[in-house]
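Everything on this sheet refers to the single structure shown next.
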There are 2 protein chains.
Amino acid sequence: MLNEKTVSHSVECGDCPIRHRAVCARCESDELERLEEIKYYRSFEAGQTVIWSGDRMDFVGSVVSGIATLTQTMEDGRTQMVGLLLPSDFVGRPGRDGSAYDVVATTDLVMCCFRKKPFEAMMERTPHIAHRLLEMTLDELDAAREWMLVLGRKTAREKIASLLTIIARRDASLNLRTPKGAMVFDLPLTREAMADYLGLTLETVSRQISALKRDGVISLQGKRHVTVPDFSRLLEEAGDDSDGGLLA
Amino acid sequence: MLNEKTVSHSVECGDCPIRHRAVCARCESDELERLEEIKYYRSFEAGQTVIWSGDRMDFVGSVVSGIATLTQTMEDGRTQMVGLLLPSDFVGRPGRDGSAYDVVATTDLVMCCFRKKPFEAMMERTPHIAHRLLEMTLDELDAAREWMLVLGRKTAREKIASLLTIIARRDASLNLRTPKGAMVFDLPLTREAMADYLGLTLETVSRQISALKRDGVISLQGKRHVTVPDFSRLLEEAGDDSDGGLLA
DNA sequence: TCGCGCACTTGATCTGGGTCAAAGAATTTT
DNA sequence: AAAATTCTTTGACCCAGATCAAGTGCGCGA
């Protein structure tokens, strides 16, 4: 249900998710026109930094394709990923000047941006946009809090399983399902990036992935291509009984 | 007169923080009137549960006095606190039916509530409210992500120092400062609640507090009353160089 | 085709924080 | 005032995951 609302509709709408995510839900054509006028695209290569923490950020936008990460870094170099931006995710905080995090492209990345000033002006005139952004921000808040449970209380194995669960779900609608219902997807992150997301070291990530493979919870083709023969088994490993409405 | 965005203003406004936090910033008197009509108060005793995760939640509101916590619990009983609600903090998600978390009063608690339906109707009519809520939600999101760094990458000692930092800051305006600039405050949480917030056990919390005391970073009068002789020292211990603009 | 670099795996060892256990201190109940 | 309950501290030991250290395997440019 989440999927049909976002993905399929945004495809109908065109190639730019912001239309749907921020506006389309209840859009009128003149609003779309106005957004169209202040819209532009930016491309980044894998590994490139979109914006550094603390830098002035004069745009908001959303991911069209590729993957970006939000990370925080301590002075001594310890880093924690605080968000994973997949296609259609929104970036930027209306009403704030600077970025609170480093935003880095982990794959080649295309973003659809709006200069912040005109976007905010439009928000003033168009209440639907503020409502849509509020809804999206509440979603992100839920996700962040969910992740606090993962970081604070789950074991390394559960953390890995939780991450795989999220990745599998996030683009479930795009993924192939084998006849028997197995799920197949590619890991969009290096072991190190996974470690930064999970509050682990890359060695522990590697070991736990090996363990899940050994125990038949997943199988790997190459380093990144994952097959999950039984998704509910993976959910169990994640310590999470709910299936999020994905299975039915 | 109802246009200043300060703490003292919310006091001028009356005894109910929601006025300020959600509306007062740019309110007009008829909006206040309408809010007044759908407003009511609820009181809870220390330890009482305000609402269980998953339960239908037909109100939004804010804390007037006392402290509440948001927690998530796994089936096996592991719990993680995902939010700490202090006076003036907002609770509830416009547009959502159920609570995502257990909300528990850790002290005697008074909340100012609005039935959700009329509140949402008012949001539709009054764009300022949606803007204010968006701003507040973005603040909460920042806080949650900041906490992800604490949970994922900080040591037990740093975690304790980080929590003390937050508590000291949160009500800095209300706190006494001794002539020499020391900060004094009461811990509003048990050791167990602190552990749940920090992803630790209560034993580790106790040990690290003892260690900070031994090392002169803090001193305790009784179990709960804390004196911080040098706040920048505490910030250092938290692994956080910024002073958040508090010292000047 | 070689060799270099990067992402990943695996092993050996160490340690921070968890677990289990006992006992103080502060409050409330009887 | 004694007893019970709840919160906290402290000690002894253990283990999950970190750290340190080799390797493996694959892609890519020369």
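Quick note on labels: first sequence line is chain A, next is B, and so on, each numbered from 1.
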If you assign A:E192 and A:R153 each to the DNA chain C nucleotide with the nearest heavy atom, which residue ends up on the more 5' nucleotide? A:E192

Considering only heavy side-chain atoms of A:T155, the closest of C:dT9, D:dG17, C:dA25 is D:dG17

Which of D:dG17, C:dG17, C:dT10 is nearest the side chain of B:A156? It is C:dG17

Mind calculating the distance between CZ (B:R78) and C1' (C:dG18) to the nearest angstrom? 13 Å

Under 4.0 Å between any heavy atoms, over every strand shown, what does B:T190 touch: base, sugar-phosphate, or nothing? Just pick one. sugar-phosphate

Once you round it to whole Å, what is the distance between P of C:dA7 and CG of A:L187? 15 Å

Assess A:R42 against A:F59: is NZ or CZ under 6.0 Å from the centre of the six-membered ring, and within 45 degrees of the ring's axis? yes

Taking NZ from A:K213 and P from C:dC8, how many angstroms apart are they, rounded to a whole number? 12 Å

Need one value for B:R224: base, sugar-phosphate or nothing, where a base atom within 4.0 Å counts as base even if backbone is also close, heavy atoms only. sugar-phosphate

Would you mind classifying the nucleic acid contact of B:I209 as base, sugar-phosphate or nothing, using non-hydrogen atoms under 4.0 angstrom? nothing

Measuring to OP1 and OP2 of C:dG17, would you say a side-chain N or O of B:T201 lies under 4.0 angstrom away? no

Using a heavy-atom cut-off of 4.0 Å across all strands, would you classify B:G47 as base, sugar-phosphate, or nothing? nothing

Could you verify whether a donor N or O on one side chain and an acceptor N or O on the other, from B:S162 and B:T165, lie under 3.5 Å apart? no

As a test of understanding, state which of B:I51, B:L85, B:V60 forms a side-chain contact (heavy atoms from CB on, under 4.5 Å) with B:V91. B:L85

side-chain N/O B:T204 vs C:dG18 OP1/OP2, d < 4.0 Å: yes

Integer-rounded Å distance: D:dC7 P and B:L220 CG: 18 Å

Positive for side chain to side chain donor-acceptor pair (under 3.5 Å) with A:T79, one of A:T73, A:D196, A:T71: A:D196

Candidate pair B:W52 and B:Y101, rule ring pair (Phe, Tyr, Trp, His ring centres under 6.0 Å), full reasoning: CA-CA 7 Å; B:W52 294 103; B:Y101 320 104; over 10 Å; no

Take atom CG of B:L198 and atom P of C:dG17, then tell me their distance rounded to the nearest Å. 12 Å

Do any side-chain nitrogens or oxygens of B:S206 fall under 4.0 Å of OP1 or OP2 in D:dT10? no

Rounded to whole Å, please give me the gap between CG in B:L200 and P in D:dT8. 15 Å

Do the side chain of B:E203 and the base of C:dC20 come within less than 3.5 angstrom through a donor-acceptor pair of N or O atoms? yes

Interatomic distance where CD belongs to A:Q221 and P belongs to D:dG25 [whole Å]: 18 Å

Using whole Å, what does the distance between atom P of nucleotide C:dG11 and atom CG of A:L202 come to? 16 Å

Please check this pair: side chain of B:D102 against backbone of B:S53, looking for a donor-acceptor N/O pair closer than 3.5 Å. yes

The answer to which of B:R191 and A:Q208 contacts DNA chain D further toward the 5' end, by nearest nucleotide, is B:R191

Does any N or O donor sit under 3.5 Å from an N or O acceptor when you compare the side chain of A:R207 with the base of D:dT19? yes

